Structures are given as C-alpha cells and as structure tokens.
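On a predicted model such as this, the values are computed, not experimentally measured, just so you know. By convention here, the first residue in the shown sequence is residue 1.
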Amino acid sequence: MCYFCAVRTFLVILGGLSLVLGLLGIFVPLLPTTPFLLLAAALWVRSSPRLYAWLLSHRRLGPYIRNFRENRAIPLRAKVFSVTLLWATLLYCIVAVVDAWWWAQLVLLCVAVGVTWHILSFATLRK
C-alpha cells in the first residue's frame, strides 16, 4: 500500500470520527458541534472530494458549515438553543448532581460562563 493511500484513508477515518463527534455535540451540551463539523470538512476536502461534497450538500449540516465558514457567524436560533441547553444541563448538574461539592459546582459554573462567552463571541447571522 502506498504512503499517500494510507494517509488518505487515515484522513477519511478521522473525518468520519469528527463528524460523529459533531453530531453528538448537537445533543451533548459541552461537546462542541461546529469545530468538529469544520474539522470533518477540512479533513475530507484533502482526502475525499466526494465526502466533502456530500457534507456541504447535506440538508441540515451543509448550511451550518457554509454559514460559519463564509461569515464566521452563528445563527441566532442556534445561539439561543445552545446557550439555553447548556445552562439547563449545567444548572441541573450543579443543583442535583454535585450539590455536596462546592468546588465542583464552581468549576461547572465557570465552564458554563466560559462556553457561553465563547458562543456569544461569534457574530450573529441574521437571515
């Protein structure tokens, strides 16, 4: 097997793993969606034009990637949904899961503030 074929296969596999993590990030508040989807696109543009074209033409994921790549912005609806889900999950964890450990509550609160700041630091895409 040639070296370039092995590298290409490795990049396709990493792109697939990145896509799976990005899809999980839609449902898991602390797992970022956008960076993993952008990583999958970057890996596939170098290794598989067919998978890259599929990702960009995907009905749900394609516009998300193109908007962020072209405008460096997140749609308002995605921002509101992300921040709301993040705070609901972390507040539940702070109150119900780690209520005995003040330091864990403080860490989770700092994570919530940091991730919220990161999400809100991007421009808002208005359609």
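- When side chains are defined from C-beta on, Val98 counts as touching Leu108, because their heavy atoms get closer than 4.5 Å.
- Annotation for Ser18 and Ala40: closest pair OG-N, 3.4 Å, computed over non-hydrogen atoms.
- A continuous path of hydrophobic side-chain contacts links Trp101 to Leu90 [ILVMFWY only; heavy atoms under 4.5 Å].
- In this structure, Ile26 and Leu23 have side chains that are in contact, with non-hydrogen atoms separated by less than 4.5 Å.
- How far CG of Leu39 is from CG of Leu14: 7.5 Å, rounded to the nearest 0.5 Å.
- Contact check for Leu56 versus Arg69: side-chain heavy atoms found under the 4.5 Å cut-off.
- When all heavy atoms of Leu109 and Ile94 are compared, the pair lying nearest together is N-CD1, 3.8 Å.
- Val80 and Val115 fall into different hydrophobic clusters, where Ile, Leu, Val, Met, Phe, Trp and Tyr side chains are chained together by heavy-atom contacts under 4.5 Å.
- Rounding to the nearest 0.5 angstrom, the gap separating the CG atom in Leu55 from the CG atom in Leu43 is 11.0 Å.
- Annotation: the span from Thr124 atom OG1 to Lys79 atom NZ amounts to 2.5 Å, rounded to 0.5 Å.
- Judged by distance alone, the side chain of Ser48 and the main-chain N or O of Trp44 form no donor-acceptor pair under 3.5 Å.
- The shortest heavy-atom contact between Val12 and Ser47 is CG2-OG, 3.4 Å.
- When the side chains of ILVMFWY residues are joined at heavy-atom separations under 4.5 Å, either directly or via intervening members, Val97 and Trp103 end up in a single hydrophobic cluster.
- Grouping the Ile, Leu, Val, Met, Phe, Trp and Tyr side chains by contacts below 4.5 angstrom, directly or via other members, places Trp117 apart from Leu106.
- Residue Asp99 holds its CG atom at 11.5 Å from SG of Cys93, rounded to the nearest 0.5 Å.
- Between Leu19 and Leu61, the closest side-chain pair of non-hydrogen atoms falls below 4.5 Å.
- Leu11 and Arg46 make their closest contact through CD1-CB, 4.4 Å (heavy atoms, listed as atom of the first residue, atom of the second, distance).
- Here the side chains of Trp87 and Val113 are in contact, with some heavy-atom distance below 4.5 Å.
- Remark: Trp54 CH2 is packed, more than 12 non-hydrogen atoms of other residues, nucleotides or ligands lying under 6.0 Å away.
- When every heavy atom of Val83 is checked against every heavy atom of Thr116, the shortest pair comes out as CG1-CG2, 4.1 Å.
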Checking side-chain contact (heavy atoms from CB on, under 4.5 Å) for the pair Leu38/Ile65: CA distance, chi angles, key distance, verdict? CA-CA 6 Å; Leu38 293 173; Ile65 295 169; 3.9 Å; yes
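- Follow the hydrophobic side-chain contacts under 4.5 Å out from Leu120 and you reach Val111 in the same cluster.
- Taking the side chain as every heavy atom from C-beta outward, Arg66 and Pro63 approach each other to under 4.5 Å.
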